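Below is one structure, written out as structure tokens; comments come after it.
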Amino acid sequence: MRCDVLTLFPGMISSVLDESIIKRAIDKGLLEVRVINIRDFTFDKHHTADDSPYGGGAGMVLKAEPILRAVAHIGEGDKDLRIILLSPQGKRYSQEIAYDLSQEKRRILFICGHYEGIDERVRIYLKPEEISIGDYVLTGGELAALVIIDSTVRLIEGVLGDISSAEEESFNRLLDYPHYTRPSELMGMKVPDVLLSGNHEEIRLWRKRQKLVNTLRKRPDLLSTVELSEEEKDLLGEIREEESI
Ligand code: ADE
């Protein structure tokens with residue numbers, strides 16, 4: 001995956017890129033991120049990136065020209081860009097969008113808004129996709145861009161040690177099953193016997209059951225959106241009976 005992040009706060013992005021799985025993906029050449037400072041595309045001596053809103057009101061508005069100049073500059077090197085504007089007005093981000101982005105062949109350009117908003121002409125001229133990571137307002141798009149990069153990069157083949165670990169877990173369909181590691185007993189809390197049994201079929205069934213239990217208890221709304229296998233339907237019937245749900 002190749003992406004550019006257009007931001008007023010490049011340090012916010014770089015510091016996260018320099019850690020953990022994202023860093024490893026970059027080192028392996030599976031992810032390329034260029035962090036571009038919007039201020040480098042301002043044209044006055046004070047490098048002004050914001051201004052007061054026409055019509056009055058509180059706060060500042062991110063100017064359109066530096067952003068449009070930066071995008072034109074990036075577009076000179078790469079005509080085929082997928083432009084994403086991070087904003088609370090966007091389409092709600094989901095695992096489905098993460099999968100889609102992880103398969104994207106075009107360079108992805110994330111534009112991070114700031115202040116009270118961004119000059120509307122950025123939307124009018126670039127017609128970007130607009131993505132929100134949730135119904136709350138952040139101080140800027142940087143954390144949203146990082147959430148998207150982080151959740152997308154782990155779906156790229158070769159980034160996680162075992163690709164099935166990304167595929168198997170939460171939000172693929174159902175919530176995840178509980179995980180345990182050594183010691184087998186901690187402050188009186190024991191690891192379920194089945195996980196120590198070495199019986200792979202029983203472990204598989206236990207995990208499947210626990211996924212359903214977790215989903216039913218924590219996110220029952222998901223059960224109406226996934227297609228269950230016959231085995232899962234039977235297990236769910238049993239669980240519902242036991243738990244009287
Ligand atoms: N910028 C400010 N709030 C945001 C949100 N919820 N999602 C994406 N970008 C944002």
Side-chain angles (χ1 to χ4, degrees), residues 1-22 25 31 33-42 47-71 74 81-104 106-156 170-171 219 221-222:
M1 189 166 88
R2 294 172 306 134
C3 47
D4 289 331
V5 184
L6 204 49
T7 170
L8 281 173
F9 300 97
M12 277 180 82
I13 306 291
S14 314
S15 57
V16 176
L17 297 180
D18 209 29
E19 299 280 348
S20 187
I21 289 173
I22 297 188
L31 172 69
V33 187
R34 298 187 306 198
V35 186
I36 297 161
N37 193 335
I38 294 172
R39 275 189 215 286
D40 291 346
F41 293 87
T42 51
H47 297 289
T48 314
D50 61 326
D51 209 336
S52 49
Y54 276 122
M60 299 295 269
V61 175
L62 195 53
K63 288 166 73 66
E65 297 119 297
I67 293 176
L68 297 181
R69 291 174 87 206
V71 174
I74 296 161
L81 288 177
R82 178 167 177 179
I83 304 178
I84 295 177
L85 174 65
L86 286 322
S87 132
Q89 299 177 23
K91 178 176 176 182
R92 177 82 72 87
Y93 189 59
S94 64
Q95 189 69 7
E96 221 179 317
I97 300 177
Y99 272 112
D100 183 52
L101 290 174
S102 71
Q103 303 302 311
E104 182 60 68
R106 289 172 289 177
R107 179 173 280 282
I108 302 168
L109 169 61
F110 294 103
I111 302 176
C112 304
H114 243 276
Y115 309 119
E116 287 312 299
I118 192 164
D119 189 308
E120 188 63 18
R121 288 164 292 189
V122 169
R123 287 188 179 89
I124 295 170
Y125 190 80
L126 297 175
K127 298 183 180 58
E129 262 174 76
E130 212 164 332
I131 295 183
S132 162
I133 61 161
D135 289 339
Y136 41 80
V137 183
L138 300 164
T139 56
E142 285 75 13
L143 292 173
L146 288 168
V147 163
I148 294 175
I149 293 170
D150 186 276
S151 52
T152 299
V153 77
R154 59 188 292 291
L155 300 172
I156 296 171
S170 297
F171 288 102
R219 288 290 306 276
D221 55 300
L222 290 178

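Below, each value reflects all heavy atoms present in this structure, side chains not excepted, and no hydrogens, waters or symmetry copies. Here the structure is a predicted model, which means the values were calculated and not measured. Ligands are counted one by one from 1 in listed order, and the atoms in each one are counted from 1 as well.
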- Message: Determine whether a donor-acceptor pair (N or O, by modelled atom type, separation under 3.5 Å) exists between the side chain of His114 and the backbone of Thr139.
- Response: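 The answer is yes, because a donor-acceptor pair under 3.5 Å joins these two groups.
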- Item | Any donor-acceptor N/O pair, Tyr93 side chain to Gly90 backbone, under 3.5 Å |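 It does not hold such a pair.
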Item checked: Asp4 and Arg107 ion-paired at < 4.0 Å ->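 Judged by the 4.0 Å cut-off on N to carboxylate O distance, Asp4 and Arg107 do form a salt bridge.
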Only counting residues at least two apart or in another chain, list the ones meeting salt bridge (charged side-chain N to carboxylate O under 4.0 Å, His left out) with [X].
| X | answer |
| --- | --- |
| Glu96 | none |
| Asp119 | Arg121 |
| Arg82 | Asp100, Glu104, Glu129 |

### Message
Residues around ligand 1, heavy atom under 4.0 Å from any ligand atom, sorted by chain and number. Can you pull those?
### Response
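These residues qualify: Leu86, Ser87, Pro88, Ile131, Ser132, Ile133, Gly134, Tyr136, Val137, Leu138, Gly140, Ala144.
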